[in-house]
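To start, the structure itself, in structure tokens.
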There are 2 protein chains.
Amino acid sequence: MKTKPAASKRNPAATREKLVMAAVQLILRQGFVATSVDQICREAGVTKGGFFHHFENKEAIGLAAAQGWFDYVTSVYTQSMEGADPDPLEQLHAFFDTLDAFTRDSDRLCACVVGMLSQEMALVHPGFQSAAAAHFTAWTEGLEKLLVAAKEKHPPVIDFDPERVAWFVNSLWQGSIVVAKSTQSGPMFRANMRMAREWIDSFFGIPPPQQCALTAPAS
Amino acid sequence: MKTKPAASKRNPAATREKLVMAAVQLILRQGFVATSVDQICREAGVTKGGFFHHFENKEAIGLAAAQGWFDYVTSVYTQSMEGADPDPLEQLHAFFDTLDAFTRDSDRLCACVVGMLSQEMALVHPGFQSAAAAHFTAWTEGLEKLLVAAKEKHPPVIDFDPERVAWFVNSLWQGSIVVAKSTQSGPMFRANMRMAREWIDSFFGIPPPQQCALTAPAS
DNA sequence: GTTTTCATACCAACCAGTTGGTATTAACAT
DNA sequence: ATGTTAATACCAACTGGTTGGTATGAAAAC
């Protein structure tokens, strides 16, 4: 029991997290550049002095928001997979199912903090560029490991490079976000993911279901 | 000879275009929100008064930049295809080849004005949302027509919905931009496009080349 | 009593947009 | 050709408000 002063007047860790969570929400909605420090403070119920006590500058909370979002998304995926079948191919399917469910939840925006920061900042600011690259790489490595394990357990009928396919899937994911944002088409997002899933299945000789994503009506 | 005062002191059409081109370049590099009107004016060699004579507000030049970029990209693709083989499947290949060549040209950034505006503005500003959606839709319809024509000429061995595949390809394109921006990986971008190309080829029973994108070393 | 955590008040730089004006041009009359 | 007029194209200077960031101080925690 070393933690929790709980209901004390000050709680620096909680204040910091409130700021990060506010930043994440604002960045998801309107992007990083359009989000002002004042706005983050207002949303979090913290004054500017408090903000700059916890974060050296605006860049710092941007990076913290990216990290927070990465941790959140990663935990959602790992949770959805660790409960499921130990078969790596089934875990891969669980991953796609989670992505699918994500877009059906209207509370959660079809957006990604890491993608946003990559798009807005990568070409202008090396710190954001390498941070976004690191997050993308970590996500890709997670997918890659699943694909490697799936290859070991299920001999593929078509050979493929797991790393390359993992980058493909993550690129498709990010791009579907970008396109769905303006077309406001959740069904298109989900169809994209289902096509990718059935594409990967085909490597293992798994035939598409009768309701194939390539031809079936939208859902 | 109705046109061209040429070297006169005033040239409203040229001034407007200078502003749009400056906006496009700045948006590609640093995004729309981070680009100030002053910056656009400086880059174009036009004063603020001149700017607001041609554009009602900042939104107006954002939309004009999106339109200008759309026209530019579309013309690059149509040019690359109208010179090529009339076979729609070959034209589709020419499309992928153009995309590939695009990323090898270091002068041209790996970025898209429409994707940028969709990412930054779609959730906050209806005008940008519908403009980006219109451009994405137009690009997708172009691809869809090629796929429909290819299906008519070459009976596919796997049936597919051309519209859905077109959205898939364009989403992958946008996402590859987002990811490549931070990972700075042109080869990954090109591998993604080659995998999509061979995926589509497989619908028509065309086997992957010996240097298959799924396994071959990067280029 | 020192350090941490936060609040208040403030700053220079920059933001989109406006002002009031001038120079250029096209249309037309002479 | 030339003078007149009206509209267009452009400019320098400015406005109110916002930006990221700071200086100072006070209350809480150790």
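Each chain gets a letter, A, B and so on, in the order the sequences are listed, and its residues count up from 1. Note that the structure is a prediction, hence the values are computed from the model and not measured.
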Quickly work out the [X] [atom1] to [N] [atom2] distance and round it to whole Å.
X      : N      : atom1 : atom2 : answer
B:N57  : C:dC15 : CG    : P     : 17 Å
A:M121 : D:dG20 : CE    : P     : 11 Å
A:H54  : D:dT22 : NE2   : P     : 16 Å
B:K58  : C:dC15 : NZ    : C1'   : 9 Å
B:N11  : C:dT24 : CG    : P     : 15 Å
A:H53  : D:dA29 : NE2   : C1'   : 12 Å
A:R16  : C:dT4  : CZ    : P     : 16 Å
A:E17  : C:dC6  : CD    : C1'   : 18 Å

Expected output: side-chain B:K181 to main-chain A:A122 donor-acceptor under 3.5 Å: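 No; zero donor-acceptor contacts below 3.5 Å.
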Backbone of B:A213 reached by a side-chain donor or acceptor of A:R164 within 3.5 Å: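 Present.
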Degree of bending, the helix from C:dG1-D:dC30 to C:dT30-D:dA1 (end axes from five pairs; round to 10°): 10°
Members of residues 28-50 of chain B that approach DNA chain D, where some heavy atom sits under 4.0 Å away: B:V46, B:T47, B:G49, B:G50
Are [X] and [Y] close enough that a side-chain donor and a side-chain acceptor fall under 3.5 Å?
X      : Y      : result
A:D201 : A:H93  : yes
B:Q30  : A:E120 : no
A:N192 : A:S176 : yes

N/O (side chain, A:T15) to phosphate O (OP1/OP2, C:dC6) under 4.0 Å: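 Affirmative; the distance criterion is met.
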Residue B:Q67 excluded, over 12 heavy atoms near CD under 6.0 Å: yes
Within-4.5 Å side-chain heavy-atom neighbours: A:T15 and A:H54: yes
Carboxylate-amine/guanidinium proximity below 4.0 Å for B:D38 and B:R42: no
N-O pairing of A:R197 and A:D97 below 4.0 Å: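 A:D97 and A:R197: salt-bridged.
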